[in-house]
Undergrad: 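Dropping the structure in here first, questions after.
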Amino acid sequence: MSTCNACNEKGTEKQKRLRIAIQKSGRLTDDTEKLFRASGIKFNESRDHLLAHAENLPIDILRVRDDDIPGLVMDHVVDLGIVGQNVLEETAMQREVDGLDTGYKQVMIMNFGDCRLSVAVPTECEWHGLSDLEGKKIATTYPFLLRRVLKAQGINYKAVLLNGSVEVAPRAGLADAICDLVCTGATLQSNGLKEVETVYTSKAVLICRDQDLYPEKQRLLDILVQRFKGIMAAAESKYIMMNAPKAKLEDIRKILPGAENPSIIQLEGNPDRVAMHVVSREKVFWETLEQLKKLGATSILVVPIEKMLD
Ligand code: PRT
Ligand code: ZN
């Protein structure tokens, strides 16, 4: 077996290599790995390896279950972690009760992992509000997040803790209602449930241990954050090109979302028309293009942007 610097950390290596915990296999994995690749972090080891070393940067990736990520950061086993806010806050509340460290710093909110924690009841049930849950059994994987909301409303209920298949609990006679993560709502619908109240909304977040990092690691983190932000900004942005009547330029600018300082180029042989190039920092919908066409724009091109550095 070959020796590995990152595993047998010597003092100096430990000070330099940034350790990031990510979800091994689940809903956050593809987006996280895509972001790393786009940021120039290259690692070859397969998902079966617990630890992967980046080839080109002093970064080690630790692949674990998402539930373990907050604890690894809070116990200073890793420097950074990418995890859902739902898991982060639930774990922090659980650890507080257990008397464990709960310190971390939120570095940035990511543009993936969106979901909501919602109460759902059987479709045929009438619903008037959270007070309908008084005295009821509620199945959930997130007892602390649920309790925070219901306690604030003075509602007494019984939590039934389930770590999977929460949506079958009412049909199985285990609970009257559930409180579970929802994305499209299809799972609730196919289990005869309706979403009645959202108690928490969540996205994936990048978190950091609450101690100062060694300077080399902090510098690397700053670079990563700048790259992540550039990729996320580019994901929403589009480069738009069109030919347009000079007289309508102001109207065109008004309907282009988030477009600043367009470049205007005079078209050869046509004094009334110009070429307009602009970066739009918001999604561009078909409706917008149709409006542009009505204003006399032609040859409209909307091009994706890969990277962006302001
Ligand atoms: O194995 P490991 O413990 O790492 O993974 P896990 O099974 O605990 O988590 P995983 O991979 O399912 O989700 C990881 C994180 O993704 C969650 O903690 C959320 O932050 C985020 N996320 C985003 C979601 C969803 N969307 C989501 N829809 N997590 C779970 N779901 C489940 C939900 O529990 C329900 O079963 O998807 C189902 C509902 O989806 P819809 O689209 O039918 O509404
Ligand atoms: Zn999990």
Side-chain angles (χ1 to χ4, degrees), residues 19-36 45-52 61-75 77-78 80-95 98 104 106-123 138-146 148-149 159-172 174-175 177-207 228 232 235:
R19 277 202 163 176
I20 313 177
I22 66 169
Q23 190 182 23
K24 177 179 156 70
S25 167
R27 285 170 200 266
L28 304 180
T29 311
D30 286 348
D31 285 318
T32 304
E33 292 190 350
K34 209 167 98 190
L35 181 70
F36 283 5
E45 285 94 336
S46 82
R47 285 187 181 173
D48 296 335
H49 285 80
L50 173 70
L51 194 63
I61 307 291
L62 200 66
R63 300 174 196 271
V64 291
R65 289 198 59 182
D66 67 341
D67 316 67
D68 296 333
I69 295 173
L72 288 169
V73 174
M74 291 167 187
D75 289 332
V77 176
V78 296
L80 300 169
I82 294 181
V83 66
Q85 288 169 314
N86 52 316
V87 171
L88 176 63
E89 284 214 41
E90 181 72 20
T91 309
M93 286 188 271
Q94 173 72 63
R95 285 175 66 98
D98 297 342
Y104 70 90
Q106 183 168 300
V107 182
M108 64 188 287
I109 298 178
M110 316 309 273
N111 62 349
F112 56 84
D114 296 55
C115 59
R116 51 195 189 273
L117 185 63
S118 288
V119 174
V121 295
T123 318
I138 311 170
T140 189
T141 313
Y142 297 91
F144 286 94
L145 286 173
L146 176 64
R148 191 165 71 183
V149 173
V160 177
L161 191 59
L162 288 178
N163 280 318
S165 308
V166 178
E167 64 280 356
V168 302
R171 223 177 337 130
L174 299 174
I178 68 165
C179 178
D180 198 15
L181 295 177
V182 184
C183 184
T184 61
T187 305
L188 292 182
Q189 210 182 4
S190 63
N191 282 281
L193 299 170
K194 61 178 176 189
E195 185 179 2
V196 287
E197 203 102 15
T198 296
V199 296
Y200 187 81
T201 52
S202 178
K203 278 174 168 281
V205 277
L206 172 67
I207 56 167
F228 289 172
M232 281 161 49

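Both ligands and their constituent atoms are indexed starting at 1 by order of listing. All values derive from a computational prediction rather than experimental measurement.
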Undergrad: Given Gly84, Cys115, Ser25, which one has a non-hydrogen atom that is nearest to atom 21 (C) of ligand 1?
TA: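 Closest candidate by heavy-atom distance is Cys115.
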Undergrad: Could you enumerate the protein N, O or S atoms under 2.8 Å from the Zn ion (ligand 2), written like residue then atom name?
TA: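 Sorted hits: Asp66 OD1, Asp67 OD1.
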Undergrad: Atom CG of Asn86 and atom CD of Glu90: how far apart are they, to the nearest 0.5 Å?
TA: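 Here the rounded value is 8.5 Å.
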Undergrad: By number and element, which atoms of ligand 1 are closer than 4.0 Å to a non-hydrogen atom of Val182?
TA: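 Numbered from 1, ligand 1 contributes 44 (O).
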Undergrad: Starting at CG of Asp66, measure out to CG of Leu28 and round the result to the nearest 0.5 Å.
TA: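 So the CG of Asp66 and the CG of Leu28 are separated by 6.5 Å.
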Undergrad: Looking only at protein heavy atoms, which one is nearest to atom 39 (C) of ligand 1, and how far off is it?
TA: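 The closest heavy atom on the protein side is Thr187 OG1, 3.4 Å.
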Undergrad: One thing to verify: whether Arg95 and Asp75 come together as a salt bridge, which I'm taking to mean a side-chain N less than 4.0 angstrom from a carboxylate O.
TA: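 Looking at Arg95 together with Asp75, the answer is yes, because their closest N to O distance falls below 4.0 Å.
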Undergrad: So for atom CD, which belongs to Gln189, do other residues, nucleotides or ligands contribute more than 12 heavy atoms lying within a distance under 6.0 Å?
TA: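 Incorrect, the count does not exceed 12.
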Undergrad: Check each atom of ligand 1 against the heavy atoms of Ala186 and keep those under 4.0 Å away; list them by number with element.
TA: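 In order of number, 43 (O), 44 (O).
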Undergrad: Is it true that a side-chain atom of Glu195 and a backbone atom of Ala120 form a donor plus acceptor pair closer than 3.5 Å?
TA: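 Answer holds: no.
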Undergrad: To the nearest 0.1 Å, how far is atom 7 (O) of ligand 1 from its closest protein heavy atom, and which atom is that?
TA: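 For atom 7 (O) of ligand 1, the nearest protein heavy atom is Gln23 NE2, 4.9 Å.
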Undergrad: Indicate, as side chain, backbone, both or neither, the part of Asn86 found under 4.0 angstrom from ligand 1 when only non-hydrogen atoms are considered.
TA: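 Side chain only; the backbone of Asn86 stays clear of ligand 1.
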Undergrad: Check Leu28 against ligand 1 and report side chain, backbone, both or neither, counting heavy atoms closer than 4.0 Å.
TA: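 The side chain, only.
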Undergrad: To the nearest 0.5 Å, what is the distance between OH (Tyr104) and CD1 (Ile69)?
TA: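 Atom-to-atom, Tyr104:OH and Ile69:CD1 are 14.0 Å apart.
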Undergrad: For the NZ atom of Lys203 and the CD atom of Gln85, what is their distance to the nearest 0.5 Å?
TA: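 It comes to 8.5 Å.
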Undergrad: Have Gln94 and Asp98 got a donor and an acceptor in their side chains that come within less than 3.5 Å?
TA: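 The answer is yes; a qualifying pair exists.
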Undergrad: In Å, rounded to the nearest 0.5 Å, how long is the span from CE of Met110 to CG of Leu35?
TA: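 Answer rounded to 0.5 Å: 4.5 Å.
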Undergrad: Under 4.0 Å from ligand 1, counting heavy atoms only, is it the side chain of Val87, its backbone, both or neither?
TA: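 It is the side chain that touches ligand 1; the backbone stays farther off.
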Undergrad: Using distance alone, determine whether Thr184 and ligand 1 share an N or O pair under 3.5 Å.
TA: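 Yes, there is a polar N/O contact under 3.5 Å.
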Undergrad: Pairing donors with acceptors under 3.5 angstrom, does anything connect the side chains of Thr187 and Glu167?
TA: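 Side chains of Thr187 and Glu167: no pair found under 3.5 Å.
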Undergrad: What about Cys183: any of its N or O atoms under 3.5 Å from an N or O on ligand 1?
TA: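 There is such a contact, yes.
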Undergrad: Can you find a pair of side-chain heavy atoms, one from Arg19 and one from Leu62, that are under 4.5 Å apart?
TA: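 When only atoms from C-beta onward are counted, Leu62 and Arg19 do not touch, as no gap falls below 4.5 Å.
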Undergrad: Counting heavy atoms only, name the option from Asn163, Leu181, Ile22, Asp66 that's nearest to atom 2 (P) of ligand 1.
TA: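 Among Asn163, Leu181, Ile22, Asp66, the closest heavy atom to atom 2 (P) of ligand 1 comes from Asp66.
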Undergrad: Among all the protein's non-hydrogen atoms, which is closest to atom 37 (O) of ligand 1, and how far away is it?
TA: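 Result: Arg27 NH2, 2.9 Å.
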Undergrad: Working to the nearest 0.5 Å, report the span between CG of Leu80 and CG of Leu206.
TA: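 Result: 5.5 Å between the selected atoms.
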Undergrad: By number and element, which atoms of ligand 1 are closer than 4.0 Å to a non-hydrogen atom of Gly113?
TA: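 Ligand 1 atoms under the 4.0 Å threshold to Gly113: 21 (C), 23 (C).
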Undergrad: Touching ligand 1 at all, Asp114? Heavy atoms, strictly under 4.0 Å?
TA: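 For ligand 1, residue contact (heavy atoms, under 4.0 Å) with Asp114 is present.
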Undergrad: Would you say Arg65 has any N or O atom under 3.5 Å from an N or O of ligand 1, going by distance alone?
TA: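 Yes.
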Undergrad: Is there at least one pair of N or O atoms, one from Leu188 and one from ligand 1, spaced under 3.5 Å apart?
TA: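 It does not: no N or O of Leu188 is found under 3.5 Å from an N or O of ligand 1.
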Undergrad: Side chain of Thr201, backbone of Arg116: donor and acceptor closer than 3.5 Å?
TA: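 Pair absent, no side-chain N/O of Thr201 close to backbone of Arg116.
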